[in-house]
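Down below is the structure, laid out as structure tokens.
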Amino acid sequence: MKFQKPLLLLCFVFCLPTANAAEPDTLPPLNEGAAPETLDAMWAGFDPRSEPLETELLHEWEEDDVVLRVIRFRVGVFKGQTATLAAIYGFPKTLPAEKKLPGLVQIHGGGQYADAKACLTNAKRGYATVSIAWAGRISSTKYRVSPDEVKLFWANQVNDPNYRLTTDWGAVDGYHAPGRNPGNQFPSIEPAAWTLDDVESPRNSGWFLCAMAARRALTFLEQQPEVDATRLGVYGHSMGGKLTVLTSVDPRVQAAAPSCGGISDRDNRSPLFRKTLGDGVSLKRIQCPICFLSPANDFHGRIGDLPTAIDELRSEQWRITCSPHHNHQDTAPYEVATQLWMDQHLKGTFEFPTTPETKLDLNGPSASPVFTVTPDASMPVQSVDIFYTSQGKADERPEDRLQTMHRFWHHAEASENGNVWSADLPLETVDAPLWVYANVRYQLNEPVTGAGYYYGIYTTDSFNLSSLLTIATADELQRANVGVQLEPQTMIEDFADGWQKEWFIYSNGPEAWQRRTNKLSSRIYQPPPDAMLSLEVHSDEANTLVIRLDDVATEVSLSGGGWKMISLQPSDFKSASGESVTSWRGLKQLTLSDVERLRRGRGEPSLKLGKRWEGKAPEFRNLQWTRKAE
């Protein structure tokens with residue numbers, strides 16, 4: 001394909017709305033003014049291949065034997081004006097002889113950028129990738145468009161040295177964080193001056209516009225000489241996860257991997273939205289292999305919706321990976337599932353083990369429920385871990401965000417008998433549902449390097465595969481006469497072997513020692529009246545330990561060279577504005593760290609506590625609630 005190179009002296013042409021008097025709008029007008037009420041009706045009249053792309057080359061460079069280009073191509077004509085999508089496109093400079101590459105569409109999340117690192121790392125693994133800038137933001141070492149540059153583009157400030165060409169939605173508004181129009185609410189299907197239809201319509205939503213753009217990106221890949229048009233995949237994070245699901249109804253998609261999105265958008269107040277743009281509507285049309293990356297505490301793609309999402313799929317080829325405790329972030333053994341899924345279905349160079357088989361027995365010989373896991377042993381199994389909680393809710397909704405983010409997952413130590421692993425699940429209550437699932441960690445034949453959710457570069461030699469969440473209702477627990485085995489206790493953590501299974505960290509680096517836990521949200525770890533929070537710490541060097549509770553924290557000076565007993569009361573913890581805590585009530589998350597940042601109000605700088613740790617990582621003992629000294 002030939003790329004049109006815009007002359008710098010004429011760059012202003014490309015940021016102005018372009019009239020297309022000779023061309024009809026991409027989408028047909030509404031039939032008698034009635035909005036589409038089904039998925040088929042919503043997409044009716046849209047052929048992602050019919051219009052020319054008119055691709056522009058904005059910048060090109062090479063990096064690590066990878067060709068990288070910033071481009072724009074036409075999405076369509078809306079209300080008489082052309083909308084163009086900016087993107088980064090990358091592929092290996094040295095192409096395999098007589099063989100084309102699989103192609104990937106990468107879709108960023110809300111507040112994120114199209115990013116060259118995704119294209120670069122994928123190219124090194126044998127893919128051509130287009131990372132689409134649906135919100136206008138672009139990140140690369142050679143061409144960057146931040147929110148400030150997006151605003152310069154909107155204002156046509158061509159003489160500003162920071163001005164850059166980027167996505168131009170023309171007469172409509174598919175931007176996000178910020179939107180071009182101050183009153184634009186990205187998911188809304190309500191009519192406005194910048195929407196396609198003048199009645200409530202799914203075609204008014206940014207979800208629909210950006211899914212159109214992603215389908216046009218598939219057309220872009222099809223037309224590249226180095227790409228095999230029969231091997232196309234799509235993946236994205238957060239809002240990009242939902243857009244992945246919306247895009248994967250396109251029959252050209254041969255593999256999909258949404259992370260933290262695409263399963264839980266079911267609660268919109270508009271029945272018309274739910275019938276057309278709700279996640280379940282698209283999931284029921286997806287026939288391609290799909291892998292869901294769904295951290296267990298994610299607020300946007302809630303793990304409790306996974307069983308429903310899997311049941312809705314038309315595809316029988318699916319996998320899931322669910323990191324315990326994590327919310328909207330992940331570490332390498334989970335993030336790598338995207339790359340491995342594409343390797344299997346677009347390159348044929350990997351084969352996922354089958355989903356672990358599980359069984360929950362409420363009537364076994366133990367007083368506790370028993371969970372049994374049989375993993376696929378076709379690859380070397382490193383570990384099997386079982387996680388369960390009594391903090392699941394039957395119909396979690398967006399307003400349950402805080403509970404979802406801070407739910408505590410108990411770790412059950414599993415015993416192995418042959419290739420069958422099992423564990424008792426002692427419960428803290430039978431008045432709430434029991435949620436349980438298993439993680440199986442596998443050894444890779446060779447390390448894999450990729451760009452994660454937020455484009456951090458990782459390398460991992462293992463990957464995680466999860467079972468589907470199993471749910472037992474409170475009624476089922478009570479009918480089975482399951483008892484309560486976990487009673488309130490003052491010891492929060494003894495730091496014995498395996499303690500880190502109930503704590504978590506988002507760093508991919510092995511040197512990081514910081515940890516956090518949601519134990520304080522559990523009923524069994526609630527503080528007694530007038531309790532002190534106590535901890536023993538050993539540090540070889542003089543350091544500062546930061547202890548954080550939700551959005552308040554305190555600094556503890558350590559002289560180094562021995563164990564130190566720390567005893568803290570609520571007033572020792574302060575917010576970013578300096579306000580002291582008056583009680584332990586309502587706490588959910590505890591963090592042990594060397595550096596923490598507490599957020600102030602919007603637009604204000606955060607408050608930094610602590611400093612870089614010196615020497616060996618600290619050791620801990622006996623984190624517990626203790627009585628105040630008399």
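Position 1 is the first residue of the sequence, and the numbers go up from there.
No side-chain donor-acceptor contact under 3.5 Å links Gln589 and Ser521. Donor-acceptor pairing under 3.5 Å is recorded for the side chains of Ser139 and Arg144. Looking at Ser466 and Asn464, their side chains do bring a donor and an acceptor atom within 3.5 Å of each other. Side-chain atoms of Thr26 and Glu51 form a donor-acceptor pair, as typed in the model, at a separation below 3.5 Å. In summary, the side chains of Trp409 and Asn297 do present a donor paired with an acceptor at a separation below 3.5 Å, with no hydrogens or angles considered. Between the side chains of Thr473 and Asp475, not a single donor N or O lies within less than 3.5 Å of an accepting N or O. Side-chain atoms of Tyr458 and Asp330 include no donor-acceptor pair closer than 3.5 Å. In this structure, a donor-acceptor pair under 3.5 Å is absent between the side chains of His406 and Asn518. With 3.5 Å as the limit, one finds a donor-acceptor pair spanning the side chains of Tyr127 and Asp343.
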Steps toward side-chain contact (heavy atoms from CB on, under 4.5 Å) verdict (Phe292, Thr244): CA-CA 11 Å; Phe292 295 97; Thr244 295; over 6 Å; no
Derivation of the side chain to side chain donor-acceptor pair (under 3.5 Å) call for Thr230 and Gln254: CA-CA 8 Å; Thr230 67; Gln254 300 301 302; over 6 Å; no
Side chain to side chain donor-acceptor pair (under 3.5 Å) between Gln339 and Tyr235, worked out: CA-CA 10 Å; Gln339 283 66 41; Tyr235 72 101; 4.5 Å; no
Steps toward side-chain contact (heavy atoms from CB on, under 4.5 Å) verdict (Thr276, Thr38): CA-CA 5 Å; Thr276 52; Thr38 66; 5.6 Å; no
Pair Asn327-Tyr506, side chain to side chain donor-acceptor pair (under 3.5 Å): steps then yes or no: CA-CA 9 Å; Asn327 167 43; Tyr506 292 124; 5.3 Å; no
Arg164 vs Phe153, side-chain contact (heavy atoms from CB on, under 4.5 Å): CA-CA, chis, key distance, verdict: CA-CA 7 Å; Arg164 296 287 186 277; Phe153 176 76; over 6 Å; no
Derivation of the side chain to side chain donor-acceptor pair (under 3.5 Å) call for Ser131 and Asp115: CA-CA 6 Å; Ser131 179; Asp115 199 294; over 6 Å; no
side-chain contact (heavy atoms from CB on, under 4.5 Å) evaluation trace for Leu104 with Met342: CA-CA 9 Å; Leu104 299 175; Met342 300 304 172; 3.8 Å; yes
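A distance-only check finds a donor-acceptor pair linking the side chain of Arg231 to the backbone of Leu346 [under 3.5 Å]. Side-chain atoms of Glu149 come within 3.5 Å of backbone atoms of Ser146 as a donor-acceptor pair (strictly under, hydrogens ignored). With hydrogens and angles disregarded, no donor-acceptor distance shorter than 3.5 Å links the side chain of His325 to the backbone of Phe504. Of the possible donor and acceptor atoms, none in the side chain of Thr470 sits under 3.5 Å from a partner among the backbone N and O of Leu360. The closest donor-acceptor contact from the side chain of Gln478 to the backbone of Val430 lies under 3.5 Å. Between the side chain of Asp400 and the backbone N or O of Arg397, at least one donor-acceptor pair lies under 3.5 Å. A donor-acceptor pair under 3.5 Å is absent between the side-chain atoms of Ser315 and the main chain of Ile286, judged by distance alone. No donor-acceptor pair under 3.5 Å is formed between the side chain of Arg319 and the backbone N or O of Cys291. Although no hydrogens or angles enter the test, the distance criterion places no donor-acceptor pair under 3.5 Å between the side chain of Asp551 and the main chain of Arg599. A donor-acceptor pair under 3.5 Å is absent between the side-chain atoms of Arg137 and the main chain of Val150, judged by distance alone.
Shown here for Ile132 and Ala87, the closest heavy-atom pair between the two residues is CA-CB, 3.9 Å.
For Tyr113, the ring pair (Phe, Tyr, Trp, His ring centres under 6.0 Å) test picks out no residue, with sequence neighbours left out. Residues that satisfy the side chain to side chain donor-acceptor pair (under 3.5 Å) test with Arg252, not counting sequence neighbours, are Thr219, Glu222, Asp250.
The number of heavy atoms from other shown groups lying within 6.0 Å of CZ (Arg600) is above 12. The number of heavy atoms from other shown groups lying within 6.0 Å of CD (Glu190) is above 12. Within a 6.0 Å radius of CD in Glu37, no more than 12 heavy atoms belonging to other residues, nucleotides or ligands are found. Counting non-hydrogen atoms of neighbouring residues, nucleotides and ligands closer than 6.0 angstrom, the CD atom of Glu399 exceeds 12 such neighbours.
Taking the centre of each ring, Tyr334 and Phe463 stay at or above the 6.0 Å mark. Two rings, from Trp318 and Phe352, have their centers 6.0 Å or more apart.
With respect to the salt-bridge test (charged N to carboxylate O, under 4.0 angstrom), the residues Asp25 and Lys79 do not qualify. A salt bridge links Asp197 to Arg203: at least one charged side-chain nitrogen sits closer than 4.0 Å to a carboxylate oxygen. Of the charged side-chain nitrogens involved, at least one lies within less than 4.0 Å of a carboxylate oxygen, so that Arg266 and Glu312 count as a salt-bridged pair. A salt bridge links Glu54 with Arg74: the closest approach of a Lys/Arg side-chain nitrogen to an acidic carboxylate oxygen falls below 4.0 angstrom. We find that Asp148 and Lys151 are not joined by a salt bridge, their nearest charged nitrogen and carboxylate oxygen being 4.0 Å or further apart. We find that Glu200 and Arg269 are not joined by a salt bridge, their nearest charged nitrogen and carboxylate oxygen being 4.0 Å or further apart.
Put simply, the residue from Ile263, Leu469, Asp311 that forms a side chain to side chain contact (heavy atoms under 4.5 Å, CB included) with Leu306 is Ile263. The one candidate from His328, His326, His237 that meets the ring pair (Phe, Tyr, Trp, His ring centres under 6.0 Å) condition with Tyr453 is His237. Among Tyr175, Trp134, Phe208, the one residue that satisfies the ring pair (Phe, Tyr, Trp, His ring centres under 6.0 Å) test with Phe186 is Trp134. The only member of Leu196, Leu277, Asn268 that meets side chain to side chain contact (heavy atoms under 4.5 Å, CB included) when paired with Ser205 is Leu277.
In this structure, Ile71 and Phe220 have side chains that are in contact, with non-hydrogen atoms separated by less than 4.5 Å. Considering only heavy atoms from C-beta on, Pro356 comes within 4.5 Å of Leu465 through its side chain.
Phe299 carries Arg401 over the face of its six-membered ring, with the cationic atom under 6.0 Å from the centre and within 45° of the normal.
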